[in-house]
*Asks:* 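Following this message is one structure expressed as structure tokens.
Numbering starts at 1 and runs along the sequence shown. When reading the values below, keep in mind they use all heavy atoms of this one structure, side chains included, and skip hydrogens, waters and symmetry mates.
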Amino acid sequence: MNITGNTILITGGGSGIGRGLAEAFHALGNHVIIAGRRKQALEATIAANPGMASVTLDIEDPASIRSFAAQLATDYPALNVVIHNAGIMRPENLLEQDDLADAEATIATNLLGPMRLTAALLPLLRKQPHSTLMTVSSGLAFVPMTPTPTYSATKAAIHSYTQSLRYQFRATTTEVLELIPPYVATELMGEGQAKDPRAMPLAEYLAEVMQILKTHPEATEICVERVKPLRFAAENGNFDAIFQGLNGVSH
């Protein structure tokens with residue numbers, strides 16, 4: 001991926017990793033558009049980063065995605081990078097589940113959202129001399145965290161979907177990347193996560209990601225060192241040990 005000279009859309013760009021990526025790419029001179037449901041968060045990010053743009057988007061709503069894509073094609077015809085960062089993560093007790101509202105919202109946001117937005121924006125991306133689609137999965141795509149089963153499942157699905165997308169696009173000018181974060185200090189699951197000393201500091205994570213993108217433009221999976229034990233648990237033959245450690249399984 002070329003990290004300069006782009007017009008970049010980042011969903012979930014008003015906070016956490018999305019905002020951090022937006023600010024990092026903005027600082028490199030890219031034209032960055034952030035999207036999300038929370039208008040106040042978007043406006044705060046824009047206020048702190050003059051020249052950045054924002055558009056509200058309900059990633060769960062197919063009609064909203066279609067109108068959003070049409071608006072982008074009109075307002076930002078040079079759009080050539082899409083980073084599917086929007087996501088939600090909710091705990092679920094499967095033993096006491098009386099409805100699937102959290103699971104359905106998670107699937108709509110984390111899996112159907114990127115799939116629908118990719119389909120809606122593909123005609124615009126294919127018009128560019130070169131374009132990039134970046135999905136955001138998780139280390140939990142490879143070793144699930146059992147208190148958040150649907151989140152882990154959607155991230156595993158995004159990884160699989162990204163592999164198929166990359167293969168089908170192999171003869172086109174659209175490259176497909178996957179960002180695979182570890183446990184990062186954001187508010188994805190509330191303020192406690194942002195303050196958790198076990199979480200990778202957000203600034204440290206972003207710095208390592210941008211360094212990888214800068215020094216390894218050929219990389220298709222963006223993995224910081226801290227996520228590699230999860231990403232390669234199966235390949236390294238220690239999946240069971242990693243799973244047990246992650247989920248506090250006692251013998």
*Asks:* Run Asp58 and Ser64 through side chain to side chain donor-acceptor pair (under 3.5 Å) and show every step you take.
*Replies:* CA-CA 6 Å; Asp58 181 357; Ser64 176; 5.7 Å; no

*Asks:* When you compare the side chains of Thr135 and Thr162, does any donor N or O come within less than 3.5 Å of an acceptor on the partner?
*Replies:* yes

*Asks:* Do Arg116 and Arg66 have side chains that approach each other closer than 4.5 Å (heavy atoms only, starting at C-beta)?
*Replies:* no

*Asks:* Keeping the roles fixed (side chain from Asn110, backbone from Ile88), state whether a donor-acceptor pair exists under 3.5 Å.
*Replies:* yes

*Asks:* Between Gly87 and Leu188, what is the shortest heavy-atom contact and its length?
*Replies:* O-CD1, 3.7 Å

*Asks:* Is the backbone of Tyr167 close enough, under 3.5 Å, to the side chain of Arg170 for a donor and an acceptor to pair up by distance?
*Replies:* yes

*Asks:* Have a look at Ser137 and tell me which of His159, Glu178, Lys155 forms a side chain to side chain donor-acceptor pair (under 3.5 Å) with it.
*Replies:* Glu178

*Asks:* Evaluate Glu187 against Ser15 for side chain to side chain donor-acceptor pair (under 3.5 Å), listing each step before the verdict.
*Replies:* CA-CA 8 Å; Glu187 294 189 358; Ser15 62; over 6 Å; no

*Asks:* Would a 4.5 Å heavy-atom cut-off, applied to side chains only, mark Leu94 and Pro149 as touching?
*Replies:* yes

*Asks:* If we ignore hydrogens and angles and just use 3.5 Å, is the side chain of Gln128 paired with the main-chain N or O of Pro77 as donor and acceptor?
*Replies:* yes

*Asks:* For Pro50, is there any backbone N or O sitting under 3.5 Å from a side-chain donor or acceptor partner on His26?
*Replies:* yes

*Asks:* Quick one: are Leu21 and Leu179 in side-chain contact, heavy atoms under 4.5 Å?
*Replies:* yes

*Asks:* For a quick test of reading the model, state the closest non-hydrogen atom pair linking Arg19 to Ala44 and the distance between them.
*Replies:* NH2-O, 4.1 Å

*Asks:* Is any side-chain heavy atom of Phe25 closer than 4.5 Å to a side-chain heavy atom of Ile83?
*Replies:* yes

*Asks:* Does Met134 form a side chain to side chain contact (heavy atoms under 4.5 Å, CB included) with Leu213? I'd like the steps, not just the answer.
*Replies:* CA-CA 12 Å; Met134 180 186 289; Leu213 291 173; 4.3 Å; yes

*Asks:* Out of curiosity, Ile180 CD1 to Leu230 CG, how far, rounded to the nearest 0.5 Å?
*Replies:* 10.5 Å

*Asks:* Look at the side chain of Thr154 and the backbone N and O of Tyr151, then say whether any donor-acceptor pair between them is shorter than 3.5 Å.
*Replies:* yes

*Asks:* For Thr150, does its backbone N or O pair with a side-chain atom of Glu92 as donor and acceptor, under 3.5 Å?
*Replies:* yes

*Asks:* Does Thr11 use its side chain to pair, donor to acceptor, with the backbone of Ala86 at less than 3.5 Å?
*Replies:* yes

*Asks:* Could you list the residues that satisfy side-chain hydrogen bond (donor to acceptor under 3.5 Å, both in side chains) with Arg198, not counting sequence neighbours?
*Replies:* Asp196

*Asks:* Measure from the side-chain N and O atoms of Thr45 to the backbone N and O of Ala41, and report whether any donor-acceptor pair falls under 3.5 Å.
*Replies:* yes

*Asks:* When you look at Phe169 and Leu133, which way does the side chain to side chain contact (heavy atoms under 4.5 Å, CB included) test go after all the steps?
*Replies:* CA-CA 10 Å; Phe169 282 23; Leu133 278 166; 3.8 Å; yes

*Asks:* Please determine if Glu208 and Arg226 form a salt bridge, counting it only when a charged side-chain N lies under 4.0 Å from a carboxylate O.
*Replies:* no

*Asks:* In Å and rounded to the nearest 0.5 Å, what is the NE2 to CG distance from His84 to Leu111?
*Replies:* 11.0 Å

*Asks:* As an exercise, state the distance from CD1 of Ile33 to CG of Leu57, rounded to the nearest 0.5 Å.
*Replies:* 12.5 Å

*Asks:* Among Thr173, Asn6, Thr174, Thr172, exactly one meets side chain to side chain donor-acceptor pair (under 3.5 Å) together with Ser131. Which residue is that?
*Replies:* Thr174

*Asks:* Looking at Leu72 and Leu79, what are the two nearest heavy atoms and their distance?
*Replies:* CD1-CD2, 4.2 Å

*Asks:* Are the side chain of Asn49 and the backbone N or O of Glu23 linked by a donor-acceptor pair below 3.5 Å?
*Replies:* no

*Asks:* Side-chain contact test, heavy atoms from C-beta onward, threshold under 4.5 Å: evaluate it for Phe68 versus Leu9 and give yes or no.
*Replies:* yes

*Asks:* Would you call Leu202 and Ile17 a side-chain contact if the rule is heavy atoms closer than 4.5 Å?
*Replies:* yes

*Asks:* Name the residue from Lys228, Arg166, Arg231 that meets the salt bridge (Lys or Arg N to Asp or Glu O under 4.0 Å) definition with Glu221.
*Replies:* Arg231

*Asks:* I need the Leu206 CG to Met200 CE distance, nearest 0.5 Å.
*Replies:* 9.0 Å

*Asks:* Shortest non-hydrogen contact from Val143 to Ala233?
*Replies:* CG2-CB, 3.7 Å

